Amino acid sequence: MPVDILMPALSPTMEKGNLAKWVKQEGDTVKSGDIIAEIETDKATMEVEAVDEGILARILVPEGAQDVAVNQIIAVLAVEGEDAKAVAASAGQGGGASPVAAPAPAPAAPPAPAATPSAPAVAVPAPVVSAPVAAAAPAGARVFASPLARRLAKDKGLELSTLQGSGPRGRIIARDVDSARVVQPQVAVATAAAPVAAAAKEAPKAVASAPGVDQVKALYEAGTYEEIQLDGMRKTIARRLVESEQVTPTFYLTVDCDLDDLMALREQVNGNAALNKDGKPVYRVSVNDFIIKALALALQAVPAANSVWAEDRVLRMKHSDVGVAVAIDGGLYAPVVKKAEQKTLSAISNEMRDLATRARNKKLKPEEYSGGSTSVSNLGMMGVRNFNAIINAPQSSIFAIGTSEKRVVARGDEMKIVTQMTVTVTCDHRVMDGALAAEFLAAFKGYIEKPMSMLV
């Protein structure tokens with residue numbers, strides 16, 4: 001029997017991808033483990049390996065296709081003993097998605113009960129959901145759905161068990177909830193207008209949405225702008241930042257950190273670096289490497305801050321996994337340094353250099369930019385003194401690092417010139433309150449200002 005090759009889910013959040021390149025062509029022999037195609041996700045270009053063996057009978061989704069849904073059939077493989085030409089001839093036309101169950105017809109609204117003179121009334125039928133539906137889940141059975149889908153369903157008043165998931169392994173994702181249209185039936189009027197007005201008053205208010213492309217373009221004279229189409233990464237960044245701002249209640253705390261001792265220690269550490277066979281140092285520790293290490297140790301010192309929000313509970317992490325924002329053309333990555341509290345400064349430095357290089361080449365694996373409870377966003381090298389960063393959900397905090405500069409400060413009754421940087425932490429108020437966040441920030445400041453404590 002022919003084998004359908006499906007668009008793979010290359011990350012937990014992937015819903016669509018672009019088919020960048022076919023490495024194997026129609027008629028080619030395919031062995032298990034062979035690279036057959038390259039897929040572009042919102043974050044990276046990844047190679048797809050064959051699982052089965054046979055002949056690539058037909059390619060259904062051409063090279064360069066955009067926004068191909070996960071689990072869509074992209075090619076057909078003829079296995080041993082099958083005629084590849086016959087398999088190709090019987091394969092579906094084009095790259096259409098697998099059939100989806102048709103929406104169930106909406107049940108008719110029940111008739112309004114007759115009103116009596118003594119009790120005028122308005123019958124308001126329950127909202128009707130028009131959406132692809134699946135068989136009702138058994139009582140107590142787990143419904144697999146993304147966190148965003150759960151929130152959207154809650155906002156719409158929908159039961160997840162009535163929806164059919166189109167994500168990997170039938171998981172319910174945001175578009176399944178979006179396509180579930182809630183239809184408000186007409187209100188049946190009884191004998192008076194007053195109950196109708198009351199019912200209208202209780203009707204849900206329309207939620208304002210962002211202006212569409214045509215509305216925005218109408219504000220500007222034609223020919224005065226150039227339209228730049230967004231790639232998958234920019235779209236994903238935009239969507240997740242909006243979600244983070246809408247869902248996460250945040251607050252900000254700011255401190256100034258003295259860096260003179262850190263700068264002196266950094267110079268000493270780099271001066272003692274061994275040389276490789278080419279005569280170059282085997283590592284070169286940056287200020288950012290000290291920041292990553294300080295943040296990792298602060299998470300261990302204040303374990304309650306090393307947590308993330310998970311709907312009805314908080315997940316407290318055992319290790320310090322720290323994300324680090326890396327700017328690339330058209331967007332950014334936040335690769336995660338795992339178990340950073342256990343790593344030396346030189347190990348963090350070399351790991352970050354490797355992660356940043358592969359991030360700029362879009363060669364990171366999904367697990368390398370997933371997880372963590374906090375992140376570092378450093379704009380100090382660009383001369384920015386201070387700023388507020390947006391949390392990379394589901395993380396619970398992000399540290400915005402400003403530039404290092406000489407400042408005149410009061411020390412007792414004297415004025416001194418010291419090197420300082422301003423740090424602002426954005427916190428998820430669901431995970432930590434002000435006092436906890438202040439303790440967390442103070443622990444970070446302590447390690448930065450007494451950097452030798454990071455080495456012992």
Side-chain angles (χ1 to χ4, degrees), residues 250-273 281 283-306 320 322-325 337 340-349 352 373-389 391 396-427 432 434-456:
T250 55
F251 64 94
Y252 310 90
L253 300 178
T254 301
V255 294
D256 293 325
C257 299
D258 293 352
L259 292 182
D260 287 324
D261 289 347
L262 188 149
M263 292 298 195
L265 180 60
R266 173 177 176 255
E267 184 176 350
Q268 184 179 353
V269 168
N270 287 335
N272 290 328
Y283 61 81
R284 182 165 182 78
V285 176
S286 68
V287 172
N288 211 49
D289 299 326
F290 276 95
I291 290 170
I292 296 168
K293 180 70 173 181
L295 187 48
L297 293 175
L299 288 170
Q300 294 298 307
V302 188
N306 194 13
S320 298
V322 179
V324 184
V337 180
E341 82 280 6
Q342 298 179 356
K343 295 176 179 175
T344 63
L345 287 164
S346 60
I348 290 173
S349 178
M352 270 310 306
S373 62
T374 191
S375 286
V376 173
S377 180
N378 191 341
L379 293 180
M381 67 288 295
M382 298 181 183
V384 176
R385 180 165 183 161
N386 66 281
F387 64 103
N388 297 337
I391 290 175
S396 60
S397 63
I398 183 168
F399 280 63
I401 310 297
T403 191
S404 305
E405 58 184 4
K406 297 286 187 181
R407 299 175 187 171
V408 179
V409 299
R411 290 288 186 263
D413 295 330
E414 298 180 357
M415 302 302 291
K416 292 189 175 181
I417 297 176
V418 300
T419 304
Q420 285 190 331
M421 70 178 182
T422 299
V423 178
T424 300
V425 59
T426 307
C427 302
M432 61 182 93
L436 174 60
E439 183 184 0
F440 181 29
L441 186 55
F444 171 80
K445 176 181 169 73
Y447 283 113
I448 290 292
E449 295 188 338
K450 297 179 180 178
M452 191 63 72
S453 60
M454 293 188 246
L455 306 182
V456 296

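In this text the structure is predicted, and so the values were computed from the model without any measurement. One-based numbering along the sequence shown.
- For Glu341, the side-chain contact (heavy atoms from CB on, under 4.5 Å) partners at least two apart in sequence or on another chain are Ala296, Leu297, Gln300, His319, Ser320, Lys339.
- A search for side-chain contact (heavy atoms from CB on, under 4.5 Å) contacts involving Ala273 returns Pro281, Tyr283, not counting sequence neighbours.
- Among residue pairs with one or both ends in residues 443-454, those qualifying as side-chain hydrogen bond (donor to acceptor under 3.5 Å, both in side chains) are Lys445-Glu449; sequence neighbours excluded.
- Nearest heavy-atom pair across Ala340 and Ile292 is CB-CG2, 4.4 Å.
- Counting heavy atoms from C-beta on, the side chains of Gln268 and Leu265 come closer than 4.5 Å.
- Under the rule for a side chain to side chain donor-acceptor pair (under 3.5 Å), the partners of Ser346 that lie at least two apart in sequence or sit in another chain are Thr344.
- Applying the side chain to side chain donor-acceptor pair (under 3.5 Å) test to Thr374 and every residue at least two apart in sequence or in another chain returns Ser397.
- The salt bridge (Lys or Arg N to Asp or Glu O under 4.0 Å) contacts involving residues 284-300 comprise nothing, where partners must be two or more places apart or lie in separate chains.
- Residue pairs meeting the salt bridge (Lys or Arg N to Asp or Glu O under 4.0 Å) criterion with at least one partner in residues 378-389, sequence neighbours excluded, are Arg385-Glu405.
- Contacts classified as salt bridge (Lys or Arg N to Asp or Glu O under 4.0 Å) and involving residues 412-423 (residues at least two apart or in different chains) are not found.
- Using the six-membered ring where Trp is involved, Phe440 and Phe399 have ring planes that are perpendicular, over 60° apart on the 30 and 60° scheme.
- Once rounded to the nearest 0.5 Å, the distance linking SG of Cys257 with CG of Leu441 reads 7.0 Å.
- Across Thr426 and Ala389, no two heavy atoms sit closer than the pair OG1-O, 2.7 Å.
- Closest of all the heavy-atom pairs between Cys427 and Ile391 is C-CD1, 3.7 Å.
- With sequence neighbours excluded, the residues forming a side chain to side chain donor-acceptor pair (under 3.5 Å) with Asn288 are Asn378, listed by chain and number.
- Checked against side chain to side chain donor-acceptor pair (under 3.5 Å), Thr424 has the following partners two or more places apart in sequence or in another chain: Thr254.
- Under the salt bridge (Lys or Arg N to Asp or Glu O under 4.0 Å) criterion, Asp261 pairs with no residue at all, not counting sequence neighbours.
- Residues passing the ring pair (Phe, Tyr, Trp, His ring centres under 6.0 Å) test with Tyr252, sequence neighbours excluded: none.
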